[in-house]
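What follows is a single structure, written as structure tokens, with notes after it.
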Amino acid sequence: MNAEGLVEVVLPGKVEPEGLEIRHGAVPAAGPGQVLIRMEATGVSFAEQQMRRGRYYDQPAFPFVPGYDLVGTVLTTGEGVEPALAGTRVAALVKVGAWASHVLVDAADVVPVPDGIGAAEAETVVVNGITAWQMLHRKARVRAGQTILVHGANGSVGSVLVQLARAADVKVIGTASARHHDALRERGVIPVDYRTEDVAARVRELAPAGVDAVFDHVGGRSAVDSWHLLAPGGTLVSYGSASTRDEEGSKQWPVLKLLGRVWLWNALPNRRRAYFFNVWAGRALAKNRFRVQLRADLTQVFGALQRGDVTAQIAAQLPLTRVADALRLAESGTVAGKVVLNP
């Protein structure tokens, strides 16, 4: 049935990108409730970069197959799964395991990709799109006419976030280095150069009453500054601690410190809210609710992609076997958009 065999990338331990291993094996069979997907596109995200350093918050023990999300075609369905799913293109968020030619996924976790959207295009908005949509609409609950500040507005999540916000008629101030400013202006974003400008002072000039929401992936000092820029009733959504990326020591500590601050800020009687966003939150407690929301939100993002509200940014496409080059490229900071891996 599957003459081609399984090809997967294994992360054996803390290694340089060249230390990743390519492994060949037999294609697995779909068990009860599962589908077997032939991967068409997966990608490199910040999570895998952190896992390679052994710095990701809850990564599995080495060795394992990384790969946060994928898009592909359902080859076979297991017992209890609608057989009509075979032959359809789907997307799935898996956290690990997607850097492989064939991936087993619970059928309840796959989301159909609408016709007319290519696999690589769809891949650019799976984890980034769900993250952006849920932060914008489920956490900050932005409304038309409001003003938001997006740190790293040209980044993988930031670029989707600003486009979804503009589509919702929200005014966007975005931080980025100067070379990205023209692209941001074209998207209707007011750019601020975090390298040369005093971001807080510039944001206060642009929004004297404060902003309605801030989206911050930097953590540390930045999250504190972000909190002080909020208007009454505003929301800070923190979704990372990129500022501590290369620090040694506990990988939990930057996150726990941030969670402590968030708890403290929420206890203050000033009508502002702070959230630490994690796309997996709630899955362990309410798996069905998590799946329903994920499907609804990713479907909305795919709709925005179809309408042209969001443009897929593919930085490069490389075969799975060139994963070291893909990681080097993604970590170089020289490309805009997502580095996509194909089988």
Side-chain angles (χ1 to χ4, degrees), residues 6-25 39 41-72 92-103 105 120 123-124 126-128 130-131 152 154-159 217-220 239-256 258 276-280 313-343:
L6 172 72
V7 182
E8 58 188 2
V9 175
V10 179
L11 181 57
K14 286 192 204 180
V15 292
E16 289 301 302
E18 291 70 22
L20 287 157
E21 295 163 4
I22 306 292
R23 187 165 66 190
H24 297 265
M39 185 272 284
T42 180
V44 181
S45 62
F46 185 62
E48 290 97 12
Q49 297 178 30
Q50 289 294 75
M51 287 178 190
R52 181 177 73 70
R53 298 178 169 90
R55 306 278 305 156
Y56 192 70
Y57 187 71
D58 56 356
Q59 68 188 59
F62 296 118
F64 63 92
V65 176
Y68 212 85
D69 57 6
L70 75 148
V71 173
L93 193 65
V94 289
K95 196 186 276 189
V96 292
W99 286 3
S101 61
H102 300 76
V103 184
V105 180
E123 164 57 28
T124 65
V126 182
V127 64
N128 298 336
I130 293 165
T131 300
N154 62 296
S156 51
V157 173
S159 59
H217 67 302
V218 186
Y239 65 103
S241 51
S243 62
T244 62
R245 180 168 92 171
D246 297 317
E247 288 178 13
E248 290 303 318
S250 163
K251 59 178 184 261
Q252 270 84 11
W253 178 239
V255 175
L256 293 173
L258 199 51
F276 183 77
F277 181 83
N278 166 13
V279 76
W280 298 99
Q313 273 198 297
I314 301 164
Q317 293 193 65
L318 294 162
L320 206 49
T321 48
R322 284 187 58 198
V323 66
D325 295 335
L327 263 167
R328 288 260 176 237
L329 188 61
E331 292 182 13
S332 68
T334 59
V335 293
K338 184 113 183 180
V339 176
V340 175
L341 292 164
N342 308 119

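All values reported here derive from a predicted model rather than from experimental measurement.
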| Can you check side chain to side chain contact (heavy atoms under 4.5 Å, CB included) on N154 and S159, steps first, answer last? | CA-CA 5 Å; N154 62 296; S159 59; 5.6 Å; no

| task | Could you tell me which non-hydrogen atom of Y56 sits nearest to which non-hydrogen atom of Y68, and how far apart they are? | result | OH-OH, 3.2 Å

| Expected output: side-chain D69 to main-chain A92 donor-acceptor under 3.5 Å | no

| message | The test is side chain to side chain contact (heavy atoms under 4.5 Å, CB included); show your working for F62 and K14 and say whether it passes. | response | CA-CA 8 Å; F62 296 118; K14 286 192 204 180; 4.3 Å; yes

| task | Can you see which heavy atom on A324 is nearest to which on P17, and at what distance? | result | CB-O, 3.5 Å

| query | Does V65 reach the side chain of V96, with side-chain heavy atoms less than 4.5 Å apart? | reply | no

| task | List the atom of L6, the atom of A100, and the distance in Å for their closest heavy-atom pair. | result | CD1-CB, 4.3 Å

| query | Does a side-chain heavy-atom distance below 4.5 Å link R52 with E16? | reply | yes

| message | Going by salt bridge (charged side-chain N to carboxylate O under 4.0 Å, His left out), name the residues that satisfy it together with R23, two or more places apart in sequence or in a different chain. | response | E8

| How long is the gap from CE on M39 to CG on L70, to the nearest 0.5 Å? | 7.5 Å

| field | Set of residues satisfying side-chain contact (heavy atoms from CB on, under 4.5 Å) with respect to E21, sequence neighbours excluded | value | V10, P12

| Min side-chain heavy-atom separation Q313-T124 under 4.5 Å | no

| message | Could you measure the distance from the CG atom of L20 to the CD atom of E48? Nearest 0.5 Å is fine. | response | 10.0 Å

| note | With sequence neighbours left out, the residues meeting side chain to side chain donor-acceptor pair (under 3.5 Å) with N278 are none

| Polar side-chain atom of W99 near backbone of G43 as donor-acceptor pair, under 3.5 Å | yes

| For Q49 against L327, the heavy-atom pair lying closest together | CG-CD2, 4.1 Å

| note | Taken to the nearest 0.5 Å, the spacing of K95 NZ from S45 OG works out to 11.5 Å

| query | Does some side-chain heavy atom of V71 sit less than 4.5 Å from a side-chain heavy atom of V126? | reply | yes

| request: Over all heavy atoms of both residues, which pair between V127 and K338 is shortest? Give the atoms and the distance, please. | output: CG1-NZ, 3.8 Å

| Are R53 and E331 within salt-bridge range, i.e. N to O under 4.0 Å? | yes

| request: Over all heavy atoms of both residues, which pair between A120 and I314 is shortest? Give the atoms and the distance, please. | output: CB-CD1, 3.7 Å

| Taking C-beta and beyond as the side chain, do W280 and L93 meet within less than 4.5 Å on heavy atoms? | yes

| said: So that I can tick it off, tell me whether D325 and R328 are bridged by a salt bridge, with the cut-off set at under 4.0 angstrom between side-chain N and carboxylate O. | reply: no

| task | Evaluate the criterion side chain to side chain contact (heavy atoms under 4.5 Å, CB included) for residue pair L320 and N342; output intermediate values, then yes/no. | result | CA-CA 6 Å; L320 206 49; N342 308 119; over 6 Å; no

